[in-house]
Protein chains: 2
Amino acid sequence: MHQEPHSTSTRRPRADGERNRARLIAAAKAAFAERGAAASLEGIASEANVSIASLYRHFPTRDALIEAVYRQETDTLIDAAAKLMAEREPITALREWLLLFVEFLDAKHGMSEALNTLIGGPNTLYSGTPGRLAPPITTLVDRATETGGNRIEVEPIDLLRAIAGVANHTANTEWKQSAIRMVDLLLKGLQDKEYRPETPETSGDTVKP
Amino acid sequence: MHQEPHSTSTRRPRADGERNRARLIAAAKAAFAERGAAASLEGIASEANVSIASLYRHFPTRDALIEAVYRQETDTLIDAAAKLMAEREPITALREWLLLFVEFLDAKHGMSEALNTLIGGPNTLYSGTPGRLAPPITTLVDRATETGGNRIEVEPIDLLRAIAGVANHTANTEWKQSAIRMVDLLLKGLQDKEYRPETPETSGDTVKP
DNA sequence: TTGATAAACGTAGGGACCCTACGTATATAA
DNA sequence: TTATATACGTAGGGTCCCTACGTTTATCAA
């Protein structure tokens, strides 16, 4: 009847559970890299020698699985942000971090779609990760711009979205160069002070405040 | 035995064929707008009162259907580019056109994914439209930058990709503001002359030429 | 060791969707 | 009115998503 020695007595997690979980993540990593973010979950399960039901038990949604696959990598990015802020000038820290982000996209090629999950994609409904990268990029941009006194205020996370957008190729092998140039373009836009959107008087119907 | 009065005697296209084709496009337009680019093709077919086989006859791939749905709108964009170049200063023309592109994204909300088809997305393999928007945006950027003497050379189409990347929300209703700010940020980056990527000496392992 | 039990597992199957094979209907032009 | 190119629909195999249900097993206490 009574069986609780301590208030928070939780059993040790079962070994088979953790083993299968790890196998699923490994299989998913490979599948996502090879077939894109829409890879078959049943295929992933059988590749991991695990039933499809178990896959769903561990990862209730596809996004949960994607997040698990990339959690480690995003942790690395988050750590790098702290380190760069400590060791670099604000602008340089931001730039280097964005380049790391490009590297991240490069390492997981074909994954740029999946990135939508990490940086807050279309389906925010069932996306449990509303942007683990938002805090670091926000801080980096804030520090980089409070000195520069820039005028155009972008949502920091949108820089990542823009870069990820550029990375949306599978065929073109030069996307990485494009992405790096985009980083510099965005940085340049963030830095200077002399730009004005210069709305023309003749046809002001395009944008209204 | 002989039945060719003229060398290129082609029968007039059948009326039912064209009618069904139009109905499919209309149904697809609604479906894509409502359920996103991954909407069910069978659903689209039945919504148009057409068999699934006929849908495939008219549009062999999903991308072909997407392209048909947006062909008219992209034509409008292409025409607008010519007009803007005739009537505006180069920079202004580029800016206004990018804002039109934002409007286009706004009108077809949830469609930003489908845009990958139009601006050359991941699956270039079976994408018959390798960027109908590439020529106009390229010309606009060329004209805008040959005066400004900018240093950073982006692939013009990547501007569209960046903007479309920012637009990748369904939930957030403020994406349009973000996208407009992104337009100005990109333009500012394209215009000025004083920026240098300033690669730091201490740890140059991030980028290599 | 052994037994109790929470925690994990797999099989099976309904439903949605993709895509194609095959035979049929019909709009056009002679 | 007839011939025929052109379009059509039904049917079905295959893949995948997701859940219900009963079974197995790893942990912990006795």
Side-chain angles (χ1 to χ4, degrees), chain A residues 1-25 27-28 31-32 34-66 68 113-114 117 123 125-127, chain B residues 1-25 27-28 31-32 34-66 68 113-114 117 123 125-127:
Chain A
M1 195 175 282
H2 47 75
Q3 71 221 37
E4 294 197 2
H6 298 60
S7 57
T8 57
S9 83
T10 43
R11 238 147 122 143
R12 164 155 39 114
R14 281 175 56 159
D16 54 351
E18 298 200 314
R19 190 172 56 235
N20 283 343
R21 183 186 166 85
R23 283 220 294 258
L24 283 168
I25 290 179
F32 288 150
E34 187 177 351
R35 338 255 287 198
S40 155
L41 297 183
E42 291 191 330
I44 290 172
S46 81
E47 193 70 23
N49 284 321
V50 160
S51 77
I52 179 65
S54 280
L55 184 149
Y56 276 95
R57 248 171 251 120
H58 284 290
F59 309 102
T61 72
R62 169 178 240 103
D63 280 4
L65 181 55
I66 292 176
E113 332 149 22
T117 303
N123 26 14
L125 299 170
Y126 50 92
S127 158
Chain B
M1 194 173 283
H2 48 75
Q3 73 221 38
E4 294 197 359
H6 297 59
S7 57
T8 58
S9 82
T10 42
R11 240 153 131 146
R12 172 169 16 133
R14 281 176 56 162
D16 54 351
E18 298 200 313
R19 191 173 55 235
N20 283 343
R21 183 187 165 87
R23 283 221 294 258
L24 283 168
I25 291 178
F32 288 149
E34 189 177 348
R35 336 254 287 200
S40 155
L41 297 184
E42 292 191 330
I44 290 172
S46 82
E47 193 70 23
N49 285 321
V50 160
S51 77
I52 179 65
S54 281
L55 184 148
Y56 275 96
R57 246 172 254 119
H58 285 289
F59 309 101
T61 72
R62 169 177 240 104
D63 280 3
L65 181 55
I66 292 176
E113 332 149 22
T117 303
N123 27 15
L125 299 169
Y126 50 90
S127 159

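Below, chain A is the first sequence line, B the second, and so on; all start at residue 1. Keep in mind it's a predicted model, so treat the numbers as computed, not measured.
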Whole-Å distance between [N] [atom2] and [X] [atom1]?
X: N49(A); N: dT11(C); atom1: CG; atom2: C1'; answer: 16 Å
X: R14(B); N: dA5(D); atom1: CZ; atom2: P; answer: 13 Å
X: I44(B); N: dC17(C); atom1: CD1; atom2: C1'; answer: 12 Å
X: R11(B); N: dA29(C); atom1: CZ; atom2: C1'; answer: 6 Å
X: L65(A); N: dC17(D); atom1: CG; atom2: C1'; answer: 14 Å
X: Y56(A); N: dG10(C); atom1: OH; atom2: P; answer: 15 Å
X: D63(B); N: dC19(C); atom1: CG; atom2: P; answer: 11 Å
X: R23(A); N: dG10(C); atom1: CZ; atom2: C1'; answer: 14 Å

Less than 4.0 angstrom between a side-chain N/O of [X] and OP1 or OP2 of [N], yes or no?
X: N20(B); N: dC8(D); answer: yes
X: S54(A); N: dG10(C); answer: yes
X: H58(B); N: dA7(D); answer: no

Looking at every strand, decide which applies to [X] at a 4.0 Å heavy-atom threshold: base, sugar-phosphate, or nothing.
X: L41(B); value: sugar-phosphate
X: A15(A); value: sugar-phosphate
X: R12(A); value: sugar-phosphate

| message | Using heavy-atom distances to pick each residue's nearest nucleotide on DNA chain C, tell me which of V50(A) and G43(B) is more 5'. | response |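 The answer here is V50(A).
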| task | Could you please name the option among dT5(C), dT20(C), dC9(C) that lies closest to any side-chain atom of I52(B)? | result | dT20(C)
| message | Taking the minimum atom-to-atom distance to the side chain of D16(B), which one of dA7(D), dT27(D), dA7(C) wins? | response |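 Comparing dA7(D), dT27(D), dA7(C) against the side chain of D16(B), the answer is dA7(D).
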| task | Using heavy atoms to find the nearest nucleotide of DNA chain D for R19(A) and R57(B) separately, return the residue whose nucleotide is more 5′. | result |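 Nearest-nucleotide comparison on DNA chain D picks R57(B).
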| field | Position toward the 5' end of DNA chain D (nearest nucleotide), P13(B) or E42(B) | value | P13(B)
| message | So which atom in A27(A) and which in A48(A) form the shortest heavy-atom distance, rounded to 0.1 Å? | response |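 Residues A27(A) and A48(A), closest heavy atoms: CB-CB, 3.9 Å.
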| Which atom pair, heavy atoms only, marks the closest approach of R62(A) to S40(A)? |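 Scanning both residues, the minimum pair turns out to be NH2-N, 4.2 Å.
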| query | Taking atom CZ of R23(A) and atom CG of D16(A), what is their separation to the nearest 0.5 Å? | reply |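 Between atom CZ of R23(A) and atom CG of D16(A) there are 10.0 Å.
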| query | Are the side chain of S46(B) and the backbone N or O of N49(B) linked by a donor-acceptor pair below 3.5 Å? | reply |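 Not at all, since once roles are kept as given, no pair shorter than 3.5 Å links the two residues.
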| message | Is any side-chain heavy atom of I66(A) closer than 4.5 Å to one of F59(A)? | response |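 Answer no - side chains too far apart.
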